Enquirer: 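Handing you a structure now.
Nothing here was measured: the structure is a model prediction, and the numbers come from that model. Sequential numbering from 1 along the given sequence is applied to the chain's residues.
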Amino acid sequence: MIGPTGVGKTEIARRLATLTQSPFLKIEASKFTEVGYVGRDVESMIRDLMDLAINMVKEEERKRVKKKADDLAEERMLDLLGPPGPSMRYGVTGTNQFNNEPAELAEAREDTTREKFRRMLKDGQLDDKSVEMEVEQAQSMPFIEIFSNSGMDDMGSSFKDAFGKMFPKRSQKRKLKVVEAIEVLRKNETEKLLDLDLITRQAIQRTEQTGIIFLDEIDKIATRQGAYQGADVSREGVQRDLLPIVEGATVTTKYGMVKTDHILFIASGAFHLAKPSDLVPELQGRFPLRVELKPLNEDDFYRILTEPQNALIKQYIALLKTEGIDLIFNDDAIREMAHIAAEVNGKTENIGARRLHTIMERVLDELSFDASDMDVKEFIVTAEYVRQRLEAISKNEDLSRYIL
């Protein structure tokens with residue numbers, strides 16, 4: 001995918017992954033170095049994708065077992081709140097060891113008490129009551145962090161898993177409110193219900209069959225023609241390391257072997273200074289489909305400001321609402337912001353839709369700053385107000401370079 005920054009290359013790939021429910025990893029190609037040098041090697045992106053797939057499948061499984069986990073957590077909470085169960089109170093003779101009460105009568109009485117506690121728990125009447133329970137403590141392994149911070153993130157992760165299995169988890173008794181304790185119990189019960197072997201198998205299959213890796217800034221590792229052809233560990237060496245991964249290889253991860261034959265690799269770059277032909281010929285052949293995206297125009301900016309579910313206009317309206325101000329944008333004001341964004345992109349460097357964020361911030365920074373002290377309940381943004389806030393900057397090319 002070839003196109004200027006901010007034109008939507010990453011968003012297209014991310015939406016594709018969302019539609020197909022695929023594990024999706026976006027990573028900058030410029031982060032990698034040639035094998036044998038300090039830095040990330042290209043195989044680490046397959047391990048990262050595998051981690052994402054594990055988390056994705058785990059989240060789906062948590063939703064699937066949520067009802068059962070909630071029921072189990074409720075029973076455990078009732079055990080903490082209520083009297084001890086019949087098995088603890090009655091001996092072999094079937095009578096209460098303390099007052100010779102027949103076991104059947106005592107069990108019926110305890111069942112009634114338990115159901116009463118259940119109703120009170122569901123109604124929230126016990127939320128402020130405190131209970132004492134065992135809570136697992138997170139293990140701190142500072143010496144492992146030394147590995148992770150030295151660029152050996154995969155090794156650090158493997159060490160953590162290995163030592164986590166070797167040393168038993170510590171737990172301590174803590175007093176928690178019922179509303180907090182029930183969440184801890186739900187989490188514990190959910191984790192117990194997860195089949196980790198099944199999750200791993202499904203995650204490996206999903207990674208191999210539907211995984212998507214978005215290699216951004218591929219042009220940054222291209223060796224420009226006429227440039228010095230010396231040893232460059234972050235350019236041609238990385239390209240050559242990418243070749244077998246994109247073509248199809250088997251990568252070792254902590255979850256098992258992962259084949260990359262059917263993983264979809266999407267490379268993207270602005271290619272301002274370099275050209276696709278500056279990549280090594282073998283890598284060019286492994287990305288046979290090329291799509292060129294046109295720069296965004298004024299109409300595109302208008303649609304971006306108004307149509308998406310989380311459009312900037314809607315975000316700023318919600319933001320000012322927290323200060324008690326109803327922010328209203330006239331249609332001509334939105335058109336004016338889109339026009340200025342396209343104009344500034346044309347005069348200075350084209351940064352695509354990212355320009356809209358700086359323009360919106362510039363238009364509303366004074367209002368945002370003074371909102372808490374203003375008496376008005378409604379503020380209408382007009383085209384004249386937008387021009388007043390931006391005209392001097394948009395006309396002055398030097399100023400717009402630094403401010404917009």
Enquirer: Is there a salt bridge (charged side-chain N to carboxylate O under 4.0 Å, His left out) between K175 and E180? Walk through the geometry before answering.
Expert: CA-CA 10 Å; K175 272 199 170 184; E180 297 170 349; over 6 Å; no

Enquirer: Any donor-acceptor pair under 3.5 Å linking the side-chain atoms of D331 with those of Y302?
Expert: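 On atom types as modelled, these side chains qualify, holding a pair under 3.5 Å.
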
Enquirer: Quick one: CD1 on I325 to OG on S368, what's the gap to the nearest 0.5 Å?
Expert: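 Between atom CD1 of I325 and atom OG of S368 there are 9.0 Å.
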
Enquirer: Rounded to the nearest 0.5 Å, what's the gap from CG on L364 to CD1 on I359? Could you check?
Expert: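 Reported value, rounded in 0.5 Å steps: 11.5 Å.
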
Enquirer: Less than 4.0 Å between a side-chain N and a carboxylate O, is that true for R335 and D299?
Expert: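 Salt bridge present between D299 and R335.
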
Enquirer: Check I12, L293, I2, D300 against V7 for a side chain to side chain contact (heavy atoms under 4.5 Å, CB included) and give me the one that passes.
Expert: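 Single side chain to side chain contact (heavy atoms under 4.5 Å, CB included) partner of V7 among I12, L293, I2, D300: L293.
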
Enquirer: To the nearest 0.5 Å, what is the distance between CD1 (I213) and CG (L264)?
Expert: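 I213 CD1 to L264 CG: 9.5 Å, rounded to 0.5 Å.
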
Enquirer: Start with the C-alpha gap between L327 and I380, add the side-chain angles, then the distance that decides, and say whether side chain to side chain contact (heavy atoms under 4.5 Å, CB included) holds.
Expert: CA-CA 6 Å; L327 187 62; I380 299 174; over 6 Å; no

Enquirer: Where is the tightest heavy-atom contact between D219 and A270, given as atom of each residue plus distance?
Expert: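 Minimum heavy-atom contact is OD2-N, 3.7 Å.
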
Enquirer: Are the side chains of I351 and R354 in contact, using a 4.5 Å heavy-atom criterion?
Expert: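 In short, these two side chains touch, coming nearer than 4.5 Å.
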
Enquirer: Students often mix this up, so state it plainly: with edges at 30° and 60°, are the rings of F379 and Y385 parallel, tilted or perpendicular?
Expert: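 Plane angle over 60°, so perpendicular.
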
Enquirer: Would E323 and S372 count as having a side-chain donor-acceptor pair, cut-off 3.5 Å?
Expert: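 Looking only at side-chain atoms, S372 and E323 do not form any donor-acceptor pair under 3.5 Å.
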
Enquirer: So, are K187 and E183 salt-bridged, with charged N and O less than 4.0 Å apart?
Expert: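 Here K187 does not pair with E183 in a salt bridge, since their nearest N and O are not under 4.0 Å apart.
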
Enquirer: Does atom NE2 (H357) have a neighbourhood of more than 12 heavy atoms from anything else shown, all under 6.0 Å?
Expert: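 Not more than 12 within 6.0 Å, no.
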
Enquirer: Should D123 and R119 count as an ion pair when the cut-off is N to O under 4.0 Å?
Expert: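 A salt bridge is absent here (no side-chain N lies under 4.0 Å from a carboxylate O).
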
Enquirer: Would you call R303-E307 a salt bridge at under 4.0 Å N-O?
Expert: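 Salt bridge between R303 and E307, a charged N being under 4.0 Å from a carboxylate O: yes.
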
Enquirer: Between the side chains of R206 and S22, is a donor N or O closer than 3.5 angstrom to an acceptor N or O?
Expert: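 Looking only at side-chain atoms, S22 and R206 do not form any donor-acceptor pair under 3.5 Å.
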
Enquirer: Salt bridge between E282 and R286, side-chain N to carboxylate O under 4.0 Å?
Expert: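 No salt bridge links E282 with R286.
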
Enquirer: Of the non-hydrogen atoms in A311 and L305, which two are nearest, and what is the gap between them?
Expert: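 Here A311 and L305 meet closest at CB-O, 3.3 Å.
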
Enquirer: What are the two closest heavy atoms between A13 and F214, and how far apart are they?
Expert: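 Closest pair (atom of A13, atom of F214, distance): CB-CD1, 3.4 Å.
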
Enquirer: Whether E61 and R64 form a salt bridge (side-chain N of Lys/Arg under 4.0 Å from carboxylate O of Asp/Glu) is what I want to check.
Expert: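 A salt bridge links R64 with E61.
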
Enquirer: Grab the two heavy atoms, one from F329 and one from M360, that are nearest each other, plus how far apart they are.
Expert: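 That would be CZ-CE, 4.0 Å.
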
Enquirer: To check you understand the geometry: which heavy-atom pair defines the closest contact between A274 and A222, and what is its length?
Expert: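 For A274 and A222, the tightest heavy-atom pair comes out as CB-CB, 4.0 Å.
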
Enquirer: Could you tell me if the side chain of M257 sits less than 4.5 Å from the side chain of V251, heavy atoms only?
Expert: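 SC-SC contact between V251 and M257 ruled out.
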
Enquirer: Counting only heavy atoms not in Q205, do more than 12 sit closer than 6.0 Å to its CD atom?
Expert: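 Result for CD/Q205: open.
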
Enquirer: With distance as the sole test, does D195 use its side chain to make a donor-acceptor pair with the main-chain N or O of L198 at under 3.5 Å?
Expert: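 Yes: the side chain of D195 pairs with the backbone of L198.
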
Enquirer: Salt-bridge test for R62 and E59: reply yes if a basic N is under 4.0 Å from a carboxylate O, no otherwise.
Expert: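 Answer for the salt bridge query: yes.
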
Enquirer: How long is the span from the CG atom in L283 to the CG atom in D278, to the nearest 0.5 Å?
Expert: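 One gets 12.0 Å once the value is rounded to the nearest 0.5 Å.
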
Enquirer: For residues D41 and D241, determine if any side-chain heavy atom of one lies less than 4.5 Å from a side-chain heavy atom of the other.
Expert: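 When only atoms from C-beta onward are counted, D241 and D41 do not touch, as no gap falls below 4.5 Å.
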
Enquirer: Okay, side chain of E217, backbone of S30: is any donor-acceptor separation there less than 3.5 Å?
Expert: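 Flag not set: sc E217 to bb S30 has no pair under 3.5 Å.
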
Enquirer: Assess whether atom CD of Q21 is packed by more than 12 heavy atoms of other residues, nucleotides or ligands within 6.0 Å.
Expert: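 At most 12 heavy atoms, drawn from other residues, nucleotides or ligands, come within 6.0 Å of this atom.
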
Enquirer: Restricting to pairs with a member in residues 259-271, which pass side chain to side chain donor-acceptor pair (under 3.5 Å), not counting sequence neighbours?
Expert: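 Sorted pair list: D216-S268.
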
Enquirer: Could you tell me whether the side chain of K377 and the main chain of G324 form a donor-acceptor pair under 3.5 Å?
Expert: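 The answer is no, because no donor-acceptor pair under 3.5 Å joins these two groups.
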
Enquirer: Go through R389 and E391 one step at a time and tell me if the salt bridge (charged side-chain N to carboxylate O under 4.0 Å, His left out) criterion holds.
Expert: CA-CA 6 Å; R389 299 287 301 157; E391 190 171 22; over 6 Å; no

Enquirer: I'd like to know whether V65 forms a side chain to side chain contact (heavy atoms under 4.5 Å, CB included) with T190, so could you lay out the CA-CA distance, the side-chain angles of the two residues, the decisive distance to 0.1 Å, and finally the verdict.
Expert: CA-CA 7 Å; V65 302; T190 301; 4.0 Å; yes

Enquirer: Find out whether L242 and F265 are in side-chain contact, i.e. whether some heavy atom of one side chain is under 4.5 Å from a heavy atom of the other.
Expert: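 No, every pair of side-chain atoms sits at 4.5 Å or beyond.
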
Enquirer: Nearest 0.5 Å, please: how far is OG1 in T18 from CD1 in I212?
Expert: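 One gets 9.0 Å once the value is rounded to the nearest 0.5 Å.
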
Enquirer: Taking the side chain as C-beta and beyond, is there a heavy-atom pair between F287 and V246 under 4.5 Å?
Expert: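 Contact flag for F287/V246 side chains = yes.
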
Enquirer: Before giving the answer on side chain to side chain contact (heavy atoms under 4.5 Å, CB included), spell out for R14 and K26 the whole-Å C-alpha distance, their side-chain angles and the decisive distance to 0.1 Å.
Expert: CA-CA 8 Å; R14 187 174 280 117; K26 173 191 178 289; 4.0 Å; yes

Enquirer: Does K31 form a salt bridge (charged side-chain N to carboxylate O under 4.0 Å, His left out) with E28? I'd like the steps, not just the answer.
Expert: CA-CA 6 Å; K31 283 187 176 181; E28 284 76 30; 3.8 Å; yes

Enquirer: Got L49 and V258 here, is their nearest side-chain heavy-atom distance under 4.5 Å?
Expert: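 A side-chain contact is absent here, since even the closest heavy-atom pair is not under 4.5 Å.
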
Enquirer: Go through D70 and K66 one step at a time and tell me if the salt bridge (charged side-chain N to carboxylate O under 4.0 Å, His left out) criterion holds.
Expert: CA-CA 6 Å; D70 288 349; K66 183 180 183 302; 3.0 Å; yes

Enquirer: Would you indicate whether the side-chain heavy atoms of K58 and L196 approach each other to under 4.5 Å?
Expert: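 They are in contact (side-chain heavy atoms under 4.5 Å apart), so the answer is yes.
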
Enquirer: Quick check for you: to the nearest 0.5 Å, what is the distance between T207 atom OG1 and D48 atom CG?
Expert: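 Rounded to the nearest 0.5 Å, the OG1-CG separation comes out at 11.5 Å.
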
Enquirer: Answer yes or no: is there an ion pair linking K192 with E189, defined by an N-O contact shorter than 4.0 Å?
Expert: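 Salt bridge present between K192 and E189.
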
Enquirer: For the pair Q284 (side chain) and L279 (backbone), establish whether a donor and an acceptor sit closer than 3.5 Å, ignoring hydrogens and angles.
Expert: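 Here the side-chain-to-backbone pair exists.
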
Enquirer: Is D71 reaching over with its side chain to a backbone N or O of K68, donor-acceptor style, under 3.5 angstrom?
Expert: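 No: the side chain of D71 does not pair with the backbone of K68.
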
Enquirer: Strictly distance-based, threshold 3.5 Å: is any side-chain N or O of N345 a donor or acceptor partner for the main-chain N or O of N350?
Expert: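 Checking the backbone N and O of N350 against the side chain of N345, no donor-acceptor pair under 3.5 Å is found.
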
Enquirer: Would you name the heavy atoms of V131 and A181 that are closest together and state the gap between them?
Expert: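 Shortest heavy-atom contact: CG2-CB, 3.8 Å.
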
Enquirer: Walk me through whether F32 and L215 qualify under side chain to side chain contact (heavy atoms under 4.5 Å, CB included).
Expert: CA-CA 11 Å; F32 299 120; L215 277 169; 4.0 Å; yes

Enquirer: Heavy-atom distance under 4.5 Å between the side chains of I218 and F271, does that happen here?
Expert: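 Yes, at least one pair of side-chain atoms sits under 4.5 Å.
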
